[in-house]
A.B. asks: 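I have a structure I would like to understand better, so I am pasting it below and will then ask my questions one at a time.
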Amino acid sequence: MGTIPGRSSPGIHAFALARRAGLTSCARMSRTTTTSPRAWAAAHRCLAVLHGASTPTTSAWPAAMACPKAHLWWIGPSAMMTSPRSMIGWNGKSALPAMRDANSGPRTRGYPMPPLAPSLRTKVLARGAQALEFTTFTPPILVNTVPRAGRDACCHCGSCVGFPCPTDAKNGTQNTMIPRALATGRTTLITGAHVTVIEQDDNGHVIGARYLTDAETGPREHFARAKAVVVCAGAIETARLLLLSASSAHPDGLGNHSDQVGRHLQGHYYPAVFGLFDEDVHPSDGPGVSIATTDFTHGNDGIIGGAMIADDFVMLPTVFFHQALPPDVRRWGSDAKDFMRANFRRVAKITGPVHEIPDPGCRVRLADFTDRFDLRVARLSGQVHVETIRTAEFISHRSADWLAASGARHTWRSPIVRRLSAGQHQAGTCRMGTEPASSVTDQYGRVWGHANLFVCDGSLHPTNGAYNPVLTIMAMAARNSQAISQTI
Ligand SMILES: Cc1cc2nc3c(=O)[nH]c(=O)nc-3n(C[C@H](O)[C@H](O)[C@H](O)COP(=O)(O)OP(=O)(O)OC[C@H]3O[C@@H](n4cnc5c(N)ncnc54)[C@H](O)[C@@H]3O)c2cc1C
Ligand code: SF4
């Protein structure tokens, strides 16, 4: 918090509606709530209803902070990629022009923090990469490797995925962007607010959002009038909300004039390969990914796309038991226990996010079932393209090669089958584009046909590419929020 300017500054207000009730300490300390959003919106000049925006939303907060007059946050095109890194706290090997390697894009500045120290696993896998002449790097991750912004460094506890961080070293919106957005004095945050519909006037023009909060007597409905609405609910819920916001002017849902909302749903297909070593490789030593190669992201003969491959992710014992046991070991009884006891620390995993072929048949629609608010839930359908499967096969072979060259005496892999991959890294359901006939928004996330309705999250990705998506989502949020604030 010490580095966060706490002043109000002139500009346009953002009004943020976050579904989750809980925020961690930083944001909770400084959050602003109001019991009468309608009165608040009327009294202030309200830029946007930012839908979403609780832990761990990625996209909403750059939008909340961007403003043409902001002293705190100004992103020019050249600074676009570096600003989110230093605002949020990224670590990595500094790739200044003189130090550039094959795995890093051009940058004008280094990372704000040094990379993670290598683990036993990193050293073992570096050995194999060297033998195969793979170029490797330490992937930048959103974790404090040194004390920063009043929070401790990572203590390598290994509970990164799915658990709170004991040292608050994990950088999420709750301890980075949200406090900064609130500190500008131009953001009002309502937590525990579930947006149910984007409201329109009789002509189908967007005028705000309706949302529910829990009251002792049951859900209480509110309306927030806004000059513009930015939807950042993630690729599944954003599509669902646009579809739920059908009106007489837009009977198939907002932005759905070309039947594109909800289509091209994608995630990342991760073909995991495991290797059993004679030495300790510590699969539970956090935060996880420590060595990667981008040698197979593009230009692979005979297949489309590729993937960054890495020692991705940290595995707690229970996750290991679920995912990593070799196929010939029974999942019950003494076999499984003996394998765990003898080998939990001696198995390493290599995997990577396969660049998927977008498919309009993979989609989010409204189901016939409803949630506790009596709103139709999202129904997901489709399966990955056959070419994605071929790429996954190719990547799994490169991963197995890497493990074997590193000294694994036995390797095995998770089954590669056609299925929907949207269990993680959901994207694509409101793709941006240049033509209203084949996309939902323009290149800045403005929904075609709506001057004041924007999407600003993973839904915009025409493809997720061959990398984890967050940095792209953040960079686009930074770029688009500048465009939004300049045109509203
Ligand atoms: C366990 C895990 C590990 C991951 N690890 C990585 C990683 O290492 N690297 C990486 O690049 N990516 C990673 N990802 C993926 C990454 O977190 C997502 O791609 C990214 O957060 C998506 O950003 P978004 O803004 O599209 O949506 P989100 O971050 O999902 O934000 C959407 C927000 O909208 C809120 N919301 C939804 N509906 C409503 C509603 N009706 N009303 C109000 N609020 C609503 C949600 O509560 C949520 O806060 C990981 C994801 C998970 C789950
Ligand atoms: S391993 Fe993950 S959860 Fe544990 S201290 Fe490090 S960043 Fe936090």
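All ligand and atom numbering here is 1-based and tracks the order in the structure.
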A.B. asks: Side chain, backbone, both or neither: which applies to Ile473 and ligand 1 if a contact is any heavy-atom pair less than 4.0 Å apart?
C.D. replies: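 For Ile473, the contact with ligand 1 is made by the side chain alone.
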
A.B. asks: Side chain, backbone, both or neither: which part of Ser459 has a heavy atom under 4.0 Å from ligand 1?
C.D. replies: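 Ser459 to ligand 1: no contact under 4.0 Å from either part.
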
A.B. asks: About how many Å separate CD1 of Ile395 and OG1 of Thr388, when rounded to the nearest 0.5 Å?
C.D. replies: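 These two atoms lie 12.0 Å from each other.
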
A.B. asks: Any idea which atoms of ligand 1 are less than 4.0 Å away from a heavy-atom of Gly458?
C.D. replies: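 Close to Gly458: 26 (O).
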
A.B. asks: Heavy-atom contact under 4.0 Å between Gly162 and ligand 1?
C.D. replies: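 It does not, in that no heavy atom of Gly162 comes within the 4.0 Å cut-off of ligand 1.
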
A.B. asks: With a 3.5 Å cut-off and sequence neighbours excluded, list the donor-acceptor pairs that the side chains of residues 356-363 form with protein atoms.
C.D. replies:
{"residue": "Glu356", "atom": "OE1", "partner": "Ser421", "partner atom": "OG", "Å": "3.1"}
{"residue": "Glu356", "atom": "OE2", "partner": "His268", "partner atom": "N", "Å": "3.3"}
{"residue": "Glu356", "atom": "OE2", "partner": "Tyr269", "partner atom": "N", "Å": "3.0"}
{"residue": "Glu356", "atom": "OE2", "partner": "Ser421", "partner atom": "OG", "Å": "2.5"}
{"residue": "Asp359", "atom": "OD1", "partner": "Gly361", "partner atom": "N", "Å": "2.8"}
{"residue": "Arg363", "atom": "NH2", "partner": "Asp259", "partner atom": "OD1", "Å": "3.4"}

A.B. asks: Drop me the distance from Gln443's CD to Met432's CE, to the nearest 0.5 angstrom.
C.D. replies: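 It is 8.5 Å, given to the nearest 0.5 Å.
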
A.B. asks: Would you mind counting protein N, O or S atoms that sit less than 2.8 Å from atom 6 (Fe) of ligand 2?
C.D. replies: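 The number of such protein atoms is 1.
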
A.B. asks: Would you say Phe313 touches ligand 1, if touching means a heavy atom closer than 4.0 Å?
C.D. replies: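 It does; at least one heavy atom falls under 4.0 Å.
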
A.B. asks: Does any N or O atom in Leu471 lie less than 3.5 angstrom from one in ligand 1, N or O only?
C.D. replies: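 No; the residue has no nitrogen or oxygen that sits under 3.5 Å from a nitrogen or oxygen of the ligand.
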
A.B. asks: Would His425 count as a contact residue for ligand 1, given that I'm defining contact as a non-hydrogen atom of the residue lying under 4.0 Å from a ligand atom?
C.D. replies: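 His425 counts as a contact of ligand 1 under the 4.0 Å cut-off.
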
A.B. asks: For Cys232, which part has a heavy atom under 4.0 Å from ligand 1: side chain, backbone, both, or neither?
C.D. replies: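 Within the 4.0 Å criterion, Cys232 contacts ligand 1 through backbone atoms alone.
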
A.B. asks: For ligand 1, which atoms have a heavy atom of Gly234 less than 4.0 angstrom away?
C.D. replies: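 Ligand 1 atoms under the 4.0 Å threshold to Gly234: 26 (O), 27 (O), 32 (C).
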
A.B. asks: What are the atoms of ligand 1, with element, lying closer than 4.0 Å to any heavy atom of Pro469?
C.D. replies: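 Under 4.0 Å from Pro469, ligand 1 has these atoms: 10 (C), 11 (O), 12 (N), 19 (O).
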
A.B. asks: Which of the atoms of ligand 1 are close to Ala193, meaning less than 4.0 Å from one of its heavy atoms?
C.D. replies: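 Ligand 1 atoms under the 4.0 Å threshold to Ala193: 42 (N), 43 (C).
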
A.B. asks: Quick one, Pro271 and Thr351 - any side-chain contact, counting heavy atoms below 4.5 Å?
C.D. replies: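 Contact flag for Pro271/Thr351 side chains = yes.
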
A.B. asks: Using 30° and 60° as the class limits, which term best fits the ring planes of His194 and Phe373: parallel, tilted or perpendicular?
C.D. replies: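 His194 and Phe373: tilted rings.
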
A.B. asks: To the nearest 0.5 Å, what is the distance between SG on Cys232 and CZ on Phe454?
C.D. replies: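 It is 11.5 Å, given to the nearest 0.5 Å.
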
A.B. asks: Please tell me whether Arg446 and Thr487 have a donor and an acceptor in their side chains that are separated by less than 3.5 angstrom.
C.D. replies: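 Present: a donor and an acceptor within the cut-off.
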
A.B. asks: Check ligand 1 against Glu237 and write out every atom of the ligand that is under 4.0 Å from a heavy-atom position of the residue.
C.D. replies: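 So the answer, numbered in order with elements, is 37 (C), 38 (N).
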
A.B. asks: With heavy-atom distances below 4.5 Å as the criterion, would you say the side chains of Gln200 and Leu254 are in contact?
C.D. replies: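 A side-chain contact under 4.5 Å exists here.
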
A.B. asks: When you measure from atom 7 (C) of ligand 1 to each heavy atom in Asp457, Asp312, Asn468, Leu460, which option holds the nearest one?
C.D. replies: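 Comparing heavy atoms across Asp457, Asp312, Asn468, Leu460, the nearest one to atom 7 (C) of ligand 1 lies in Asn468.
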
A.B. asks: Can you confirm, on distance only, whether ligand 1 has an N/O atom lying under 3.5 Å from any N/O atom belonging to Ala235?
C.D. replies: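 No; every N/O pair is 3.5 Å or more apart.
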
A.B. asks: What pairs with Ser396 under side-chain hydrogen bond (donor to acceptor under 3.5 Å, both in side chains), at least two apart in sequence or on another chain?
C.D. replies: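 For Ser396 the side-chain hydrogen bond (donor to acceptor under 3.5 Å, both in side chains) partners, ignoring immediate neighbours, are Arg413.
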
A.B. asks: When rounded to the nearest 0.5 angstrom, what distance separates OG1 in Thr122 from CD1 in Ile291?
C.D. replies: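 If I round to the nearest 0.5 Å, the distance is 6.5 Å.
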
A.B. asks: Angle class for the Phe134/Trp402 ring planes (parallel below 30°, perpendicular above 60°, tilted otherwise)?
C.D. replies: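 Correct class here is perpendicular.
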
A.B. asks: Please could you name the atoms of ligand 1 that His194 approaches to less than 4.0 Å, counting only its heavy atoms?
C.D. replies: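 Here the atoms of ligand 1 in question are 41 (N), 42 (N).
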
A.B. asks: Find the distance between OG1 (Thr176) and NZ (Lys170) and round it off to the nearest 0.5 Å.
C.D. replies: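 The distance works out to 13.0 Å.
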
A.B. asks: Under the side-chain hydrogen bond (donor to acceptor under 3.5 Å, both in side chains) test, which residues partner Tyr467, sequence neighbours left out?
C.D. replies: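 For Tyr467 there are no side-chain hydrogen bond (donor to acceptor under 3.5 Å, both in side chains) partners, ignoring immediate neighbours.
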
A.B. asks: Do any heavy atoms of Val161 fall under 4.0 Å from ligand 1?
C.D. replies: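 Yes; Val161 lies near enough to ligand 1 that a heavy-atom distance drops under 4.0 Å.
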
